[in-house]
There are 2 protein chains.
Amino acid sequence: MDGQRAARHPAGLRELKKQRTRDALLRAALELFTTRGYEETTVDEIAEVVDVSQRTFFRYFASKEEAAFTIQSMVESYFVAELRRRPARETPFEAMHNAVLDAWNSINEAIEALVPVELHLRTYRLIESTPSLLAAHLRRATELEERVALVIAEREGLDVETDPRPRVAVAAFSGVMRVTGRLWGQRETGLDGLLELTESYLDQLVPTLAGDWPRTRGS
Amino acid sequence: MDGQRAARHPAGLRELKKQRTRDALLRAALELFTTRGYEETTVDEIAEVVDVSQRTFFRYFASKEEAAFTIQSMVESYFVAELRRRPARETPFEAMHNAVLDAWNSINEAIEALVPVELHLRTYRLIESTPSLLAAHLRRATELEERVALVIAEREGLDVETDPRPRVAVAAFSGVMRVTGRLWGQRETGLDGLLELTESYLDQLVPTLAGDWPRTRGS
DNA sequence: AGGCTAATGACAGCGTCTGACAGTTGACCA
DNA sequence: TGGTCAACTGTCAGACGCTGTCATTAGCCT
């Protein structure tokens with residue numbers, strides 16, 4: 001349902017156990033996914049690591065897939081939150097750009113509360129390289145796009161249904177984000193490399209679309 | 001494997017029967033998908049309509065999903081073919097834009113040889129509105145993007161690995177295409193409506209990204 | 001006609017996921 | 001403290017997608 005789970009709920013031994021089970025299942029799942037491969041990991045194996053029945057796994061996660069995207073959901077929530085926080089003076093593009101940077105900087109501790117960040121990065125690479133997970137990832141991305149488009153429209157005082165610009169801007173922006181995300185997954189650079197890559201790609205978007213491509217090869 | 005199947009193969013009763021079976025399976029699948037829903041249709045039901053064992057279905061289609069995307073694959077091939085045919089003087093964006101228009105105009109008869117075009121349009125809407133199919137659709141779209149980026153890079157004499165512009169341009173372009181495709185799927189307009197919508201959205205891409213959004217509401 | 005080979009059907013099996021039912025355990029109250 | 005209720009869980013059974021195997025059928029070729 002939500003992304004953040006902290007020590008805020010009324011406690012209770014029951015709640016505690018539930019969270020423990022869920023966290024254990026999540027960690028076990030991601031660990032198995034990233035070492036053995038997603039398709040090669042069965043839900044029974046995950047459940048067995050946590051000493052729980054397969055049925056119980058499906059009570060915490062609607063699907064095997066959902067476990068793989070738990071952290072990703074959190075990141076998305078952070079991004080949207082940061083986007084809403086951007087000052088109105090920024091252009092839509094600047095706002096999205098800055099929201100991405102801010103989100104990456106502030107999300108780390110929230111992730112670490114659930115699983116090691118390093119495990120999450122491995123999971124991200126896995127998603128990018130596993131066809132079925134990549135498909136799910138892209139669909140989730142478009143759902144996020146819709147949410148973002150609504151935020152942008154609100155910022156600019158526009159109606160998404162009559163004015164195409166919010167959706168067009170978001171589509172172009174996320175297109176670039178996807179490309180950089182994929183390239184980063186293929187290469188070996190760390191998280192800093194991603195930020196750098198994203199920066200340079202975003203900067204080139206407008207001139208690229210303008211049409212004339214001077215052969216200023218950067219080799 | 002390929003998309004086009006015409007009366008060119010050496011005939012032979014065997015080949016004939018195979019094509020008949022495949023076509024029948026395809027039509028039955030799409031018909032059931034679009035009436036009953038994708039998830040609600042079982043492979044057994046499809047096979048039963050064609051009087052064939054379930055095993056045989058999987059000999060013609062690697063998956064239930066593959067059947068749903070058969071026509072889509074053809075369309076994609078046509079698009080790439082048209083793109084290669086665009087004159088070098090056009091900018092990358094113009095070339096993609098024109099290739100889309102040309103492909104839509106020339107593909108209709110090829111589709112009709114397999115299934116009624118109307119059935120294909122219904123199938124497209126189904127894909128857009130069925131989560132699992134939408135996910136697959138988006139993944140396929142990114143694979144197409146990669147092919148297109150290579151073509152663009154070749155046109156411009158660039159190297160995709162060192163110059164980000166081909167991928168960035170393609171990503172932005174397909175982002176817009178996806179938005180229009182989705183909107184068209186939600187609304188009730190015919191094929192002409194799609195072309196019109198795509199035209200207007202593509203035209204607005206560059207000014208939209210430029211940043212300043214004059215409040216010239218089009219209501 | 002008869003042999004060769006490709007296509008099919010029938011069957012068994014794996015893995016994801018769901019529904020139904022029963023047992024256990026924590027929460028709450030008298 | 002003990003008992004009741006609700007939540008959580010395990011077990012079982014089954015649907016469905018998909019695959020391997022093997023015997024059978026049907027087109028093809030000489």
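Each chain gets a letter, A, B and so on, in the order the sequences are listed, and its residues count up from 1. Because the structure is a prediction, the values reported are computed rather than measured.
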Between CZ of Arg20(A) and C1' of dG26(C) the distance, given in whole Å, is 14 Å

Expected list for residues 127-141 of chain A near DNA chain C, using heavy atoms below 4.0 Å, is none

Between CG of Asp44(A) and C1' of dC14(C) the distance, given in whole Å, is 10 Å

Review point. Is the shortest side-chain N/O distance from Thr56(B) to OP1 or OP2 of dG9(C) below 4.0 Å?
Key: yes

Between CG of Leu16(A) and C1' of dT25(C) the distance, given in whole Å, is 15 Å

What N/O pairs connect the protein and nucleotides 27-30 of chain D at under 3.5 Å? Give each pair on its own line.
unit_1: dG27(D); atom_1: OP1; unit_2: Lys17(B); atom_2: NZ; d: 2.8
unit_1: dG27(D); atom_1: O3'; unit_2: Arg14(B); atom_2: N; d: 3.3
unit_1: dC28(D); atom_1: OP1; unit_2: Leu13(B); atom_2: N; d: 2.7
unit_1: dC28(D); atom_1: OP1; unit_2: Arg14(B); atom_2: N; d: 2.9

In short, ring pair (Phe, Tyr, Trp, His ring centres under 6.0 Å) pairs touching residues 172-200 of chain B with sequence neighbours left out are Phe93(B)-Phe173(B), Tyr124(B)-Trp184(B)

Axis-to-axis angle for the helix from dA1(C)-dT30(D) to dA30(C)-dT1(D), ends of five pairs each, to 10°, equals 10°

Please determine whether a side-chain nitrogen of the Lys or Arg among Arg85(A) and Asp102(A) lies less than 4.0 Å from a carboxylate oxygen of the Asp or Glu. no

In terms of side-chain geometry, is the basic nitrogen of Glu94(B) or Arg86(B) positioned less than 4.0 Å from the acidic oxygen of its partner?
no

Sort me out a list of protein N/O and nucleotides 19-22 of chain D N/O pairs below 3.5 Å, or just none if empty.
unit_1: dG20(D); atom_1: N7; unit_2: Arg55(B); atom_2: NE; d: 3.3
unit_1: dG20(D); atom_1: N7; unit_2: Arg55(B); atom_2: NH2; d: 2.8
unit_1: dG20(D); atom_1: O6; unit_2: Arg55(B); atom_2: NE; d: 2.7

note: Lys64(B), atom NZ; dC18(D), atom P; distance rounded to Å ~ 8 Å

Whole-Å distance, Glu45(A) CD to dC17(C) C1', equals 17 Å

Residue pairs meeting ring pair (Phe, Tyr, Trp, His ring centres under 6.0 Å), one or both in residues 25-49 of chain A, sequence neighbours left out, come to Phe33(A)-Tyr38(A)

Comparing Thr41(B) with Asp51(A), nearest DNA chain D nucleotide closer to 5' gives the residue Asp51(A)

State whether Arg140(B) and Glu143(B) are salt-bridged, where the test is any N-O pair (Lys NZ or Arg NE/NH1/NH2 against Asp/Glu carboxylate O) under 4.0 Å. no

Would you sort out whether His120(A) and Met74(A) count as a side chain to side chain contact (heavy atoms under 4.5 Å, CB included), showing the intermediate values? CA-CA 11 Å; His120(A) 167 239; Met74(A) 285 177 48; over 6 Å; no

Under a 4.0 Å heavy-atom cutoff, the residues of residues 26-39 of chain A touching DNA chain D are none

Ring pair (Phe, Tyr, Trp, His ring centres under 6.0 Å) filter on Phe61(B), not counting sequence neighbours, yields Phe57(B)

Residues passing the side-chain contact (heavy atoms from CB on, under 4.5 Å) test with Ser174(B), sequence neighbours excluded, are Glu145(B), Val170(B)

Residues passing the side-chain contact (heavy atoms from CB on, under 4.5 Å) test with Ser200(A), sequence neighbours excluded, are none

Problem - Short side-chain N/O contact to dT8(C) OP1/OP2 from Tyr60(B), under 4.0 Å - result: yes

When rounded to whole Å, the NZ to P distance for the pair Lys18(A) and dA27(C) reads 11 Å

*Could you walk me through whether Glu199(B) and Leu101(B) pass the side chain to side chain contact (heavy atoms under 4.5 Å, CB included) check?*
CA-CA 9 Å; Glu199(B) 291 280 345; Leu101(B) 303 183; 3.2 Å; yes

From CD of Glu48(B) across to P of dT8(C) the rounded distance in Å is 18 Å

Rounded to whole Å, CD of Glu65(A) lies from C1' of dG15(C) at a distance of 15 Å

When every non-hydrogen atom of Leu30(B) is compared with those of Ala68(B), the smallest separation belongs to CD2-CA, 4.0 Å

**Study point:** Step-by-step side chain to side chain contact (heavy atoms under 4.5 Å, CB included) determination, Leu202(B) to Val168(A)
**Key:** CA-CA 9 Å; Leu202(B) 283 178; Val168(A) 169; over 6 Å; no

Contacts satisfying salt bridge (charged side-chain N to carboxylate O under 4.0 Å, His left out) that involve residues 121-132 of chain B (not counting sequence neighbours) are Glu31(B)-Arg122(B), Glu118(B)-Arg122(B)

Residue pairs passing the salt bridge (charged side-chain N to carboxylate O under 4.0 Å, His left out) test with at least one member in residues 49-69 of chain B, sequence neighbours excluded, are Glu65(B)-Arg139(B)

| query | Is the shortest distance from a Lys or Arg side-chain nitrogen in Arg22(A) or Glu15(A) to a carboxylate oxygen in the other one below 4.0 Å? | reply | no

Counting only N and O atoms by type, is there a donor-acceptor contact under 3.5 Å from the side chain of Glu156(B) to the main-chain atoms of Ala153(B)? no

